[in-house]
*Asks:* 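What follows is a structure written as structure tokens; I'll ask about it next.
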Amino acid sequence: MKPYFQRGAALSALLALVVGGGCKVGSDYRRPNASAQLNETYTQVESEGVQQQVGADVSSWWSQINDPVLSQLTQEALSGNLTLREAMFRIQSARAALGSTNANLLPQFAQDGGYAFQSFGGNTQNVFSTATSMSWEIDVFGRLQRSIEAATADMEVQRELYRDAYVILVGDVAQTYVDARSYQEQIRVAKWNIKIQELTEKFVKDNVDAGSMSHLDLSRARGPLNVTDASLDALQTQYQQALNRLSILVGQAPGHVDELMYLSNDDIDEMSAKELEGQLEALLREITDMESKVAGSGASEEEIRAEIESKRLEILTAWLEETLPTLTPKTPEEILVGIPADLLRRRPDVRAAEQRIIAQNARVGVAVADLYPMFSLSGSFGLEADTFSNMFDGDSIAAGVGPAFRWNILNFGKYRFNIEAQRFVQEELIATYRQTILEAAEDVDNALVMYVKENNRNHKLQRANADYLYALLLANFRRTSGADNIQPVLEAQAGLLTSQLQYVQCKTNQSGSVIRLYRALGGDWDAQGSAASVATTAQNPNAEWERQRAESAARLAERGERYAHVSLEEPEPAPQPEPIVENADFEIAEDVELEASPELAEPSFATTEEAYADEAILIAE
């Protein structure tokens with residue numbers, strides 16, 4: 001009985017070791033101190049429109065834009081995008097690999113069976129056999145536990161990469177949508193300027209036919225018109241490419257979103273030259289009426305000048321917004337950011353980089369465990385007989401069980417070199433992790449700088465649009481009043497077109513900066529708010545556009561009727577303060593002397609006959 005008692009005690013000790021578990025060699029994971037390399041705040045947090053708050057929730061930023069079409073496109077992309085689906089399948093694959101690694105902690109069973117015909121010196125024999133074998137590795141030094149840690153971290157990497165793909169997808173949909181709306185707005189700006197340029201071209205052509213202007217003037221008027229008309233083709237190409245990209249992002253073929261993005265009832269195409277000329281005339285009447293009222297207020301000249309400038313800017317800006325409404329999504333007036341250290345928990349790519357370090361740290365532990373003995377418990381139970389009917393007799397049973405171990409004791413440094421290799425890989429991943437954090441902070445700062453500067457640029461371009469529009473109104477008034485020099489009109493038209501296109505691009509950059517900031521901070525989509533917006537817009541995505549156009553048309557018509565009685569006269573320049581000259585030993589000449597100076601006289605314009613003569617000379621040369 002004593003040998004049996006000894007075998008039982010050995011098996012009991014082995015089972016206790018299995019149940020209680022062994023130790024885990026290698027070092028446990030410790031997060032690198034990466035926050036020390038970050039600043040305490042971002043460089044632009046003191047700027048207007050940017051507010052910092054520790055632990056700020058930035059997940060609902062984009063819902064503040066409140067664009068129902070964008071919300072609908074985002075929901076379609078999240079449910080149909082194939083790139084996001086690929087990332088989901090990678091998570092499933094990593095989860096299956098983790099399950100396979102976990103199974104190594106349990107006994108592994110295998111069933112064998114077979115038949116053999118044997119012959120020995122003329123004697124033949126049939127052999128029927130079947131056996132069940134078992135092998136169970138006892139994880140004394142934590143090799144299997146470290147492998148599970150690595151597989152778990154690998155799965156977490158794929159989860160973070162899925163979240164990263166999610167954030168990138170929402171950002172790509174938003175940016176492409178903003179680009180598409182920007183192209184639509186630029187197309188409308190170009191069409192509106194073409195209408196204005198056609199007015200000038202028709203005016204010059206009528207005067208050429210009447211003999212009061214030359215063909216040179218006609219060519220100068222037609223050139224900008226043709227250039228603007230040609231730019232429409234490039235803008236329409238870019239617009240269609242943006243629509244195709246949106247269709248692919250939502251997981252559909254090109255053309256899927258075209259109807260959703262289409263703007264119905266675009267009044268610019270239907271606007272006549274007479275109608276546009278009437279709107280411009282009504283606007284000039286409104287400004288003239290305002291200036292006469294302010295001038296009669298009894299205030300000082302300086303106060304009158306400042307008030308006229310302010311109200312003129314307000315009238316012109318409002319008129320442009322009504323005539324050419326903004327199509328790009330409006331950005332929030334204030335954005336909330338956290339501190340740079342928040343990036344460690346919010347950015348999916350930063351978290352994925354950390355999970356790679358965790359996985360590699362576990363693999364270092366696996367490599368260290370190779371230096372220690374590996375224990376296992378194996379056993380078998382089988383049946384073997386010369387006939388199939390005898391297989392279930394007591395004499396045909398064969399069984400065995402017992403422990404085993406394996407220890408790599410002589411390998412000439414093979415496993416130690418492997419440990420060093422795994423540790424260097426871990427150091428490489430730590431460096432990558434630190435670099436990812438720095439690039440994340442750079443992304444946030446770049447987006448904030450863009451947001452702040454584009455806001456400043458927006459205000460300046462608004463003023464530029466108003467100045468060029470006012471210059472165009474005055475130049476057109478002079479033209480219709482009999483002036484034969486179209487150069488001021490052409491310059492005002494060119495300046496207004498350039499300024500308006502830059503203004504649209506500036507608004508696009510503003511929206512793009514918020515998108516970049518959202519991506520840089522690792523924000524999520526407010527799915528609940530988006531779903532509500534989709535529900536209200538799914539039937540008619542152009543409802544807001546049609547309402548906006550109807551209101552603008554009504555306001556423009558009301559403005560024309562309200563100021564129809566105001567007589568148009570060229571506005572006199574605002575009085576300028578007299579210059580103060582201190583310690584001067586010279587006298588300023590009288591106005592009569594200045595008028596008498598030939599070099600300061602008003603420039604004279606060539607007559608029609610002289611202009612044609614000049615053309616004839618040029619052609620002859």
Side-chain angles (χ1 to χ4, degrees), residues 57-96 155-184 239-263 327-330 332 346-349 351-352 511-512 514-545:
D57 180 15
V58 298
S59 60
S60 59
W61 272 7
W62 198 246
S63 62
Q64 297 179 29
I65 294 180
N66 195 25
D67 191 303
V69 179
L70 176 56
S71 299
Q72 180 174 341
L73 290 171
T74 303
Q75 290 296 319
E76 290 186 24
L78 293 178
S79 61
N81 183 263
L82 298 179
T83 302
L84 199 61
R85 194 169 298 178
E86 291 174 11
M88 176 61 74
F89 287 138
R90 284 193 288 269
I91 295 177
Q92 300 295 341
S93 174
R95 181 179 288 115
M155 185 184 68
E156 291 300 324
V157 167
Q158 296 305 322
R159 283 182 175 176
E160 297 301 341
L161 292 179
Y162 173 82
R163 295 185 181 108
D164 194 40
Y166 181 102
V167 172
I168 291 175
L169 174 62
V170 173
D172 285 348
V173 171
Q175 185 61 64
T176 308
Y177 174 78
V178 168
D179 290 341
R181 288 304 192 199
S182 173
Y183 293 135
Q184 282 181 317
Y239 171 64
Q240 189 59 50
Q241 289 173 344
L243 294 188
N244 292 341
R245 180 60 184 159
L246 271 177
S247 297
I248 301 303
L249 287 173
V250 300
Q252 301 293 334
H256 175 74
V257 304
D258 290 18
E259 183 177 355
L260 182 66
M261 295 289 292
Y262 176 71
L263 296 178
L327 298 177
T328 53
K330 295 181 179 180
R346 290 203 57 85
R347 287 268 299 219
D349 56 338
R351 295 198 300 260
S511 299
V514 176
I515 297 170
R516 289 182 178 89
L517 193 57
Y518 149 82
R519 289 175 55 171
L521 292 171
D524 336 70
W525 183 264
D526 184 4
Q528 183 177 0
S530 300
S533 298
V534 172
T536 59
T537 319
Q539 295 183 353
N540 185 8
N542 284 311
E544 177 64 19
W545 161 254

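FYI, side chains are in, hydrogens and waters are out, and symmetry mates aren't considered; it's all heavy atoms of this structure. What you see is a predicted model; the values in this text were computed from it and never measured.
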*Asks:* So do the side chains of L260 and V69 get within less than 4.5 Å of each other, counting heavy atoms only?
*Replies:* yes
*Asks:* Determine whether R181 and V178 satisfy the following criterion, side-chain contact (heavy atoms from CB on, under 4.5 Å), listing intermediate values before the conclusion.
*Replies:* CA-CA 5 Å; R181 288 304 192 199; V178 168; 5.8 Å; no
*Asks:* Show the nearest heavy-atom pair for residues G171 and I515, with the distance to one decimal.
*Replies:* O-CG2, 3.5 Å
*Asks:* How long is the straight-line distance from CZ of R95 back to CD of E156, given to the nearest 0.5 Å?
*Replies:* 9.5 Å
*Asks:* Provide the closest heavy-atom pair for G255 versus S247 in the form atom of the first, atom of the second, distance.
*Replies:* N-OG, 3.5 Å
*Asks:* Can you tell me how far the CG atom of D179 sits from the CG atom of L246, to the nearest 0.5 Å?
*Replies:* 9.0 Å
*Asks:* Which distance, rounded to the nearest 0.5 Å, do you find between the OG1 of T83 and the OH of Y162?
*Replies:* 12.0 Å
*Asks:* Decide yes or no for Y177 and M261: does some side-chain heavy atom of the first lie under 4.5 Å from some side-chain heavy atom of the second?
*Replies:* yes
*Asks:* Please round to the nearest 0.5 Å and tell me the distance separating atom CD of E160 and atom CD1 of I91.
*Replies:* 9.0 Å
*Asks:* With a 4.5 Å limit on heavy-atom distance, are the side chains of Q184 and Y239 in contact?
*Replies:* yes
*Asks:* Would you call D172 and R519 a salt bridge, taking side-chain N to carboxylate O under 4.0 Å as the test?
*Replies:* yes
*Asks:* Taking the side chain as every heavy atom from C-beta outward, state whether V170 and L78 have any atom pair closer than 4.5 Å.
*Replies:* yes
*Asks:* Can you name the closest pair of heavy atoms from L243 and A180 and give their distance?
*Replies:* CD2-CB, 4.3 Å
*Asks:* Can you tell if the side chain of Q92 reaches within under 4.5 Å of the side chain of Q158, non-hydrogen atoms only?
*Replies:* no
*Asks:* Atom CG in L70, atom OG1 in T176: separation rounded to 0.5 Å?
*Replies:* 10.0 Å
*Asks:* Is any side-chain heavy atom of L161 closer than 4.5 Å to one of P348?
*Replies:* no
*Asks:* At what distance, to the nearest 0.5 angstrom, does CZ of R516 lie from OG of S511?
*Replies:* 10.5 Å
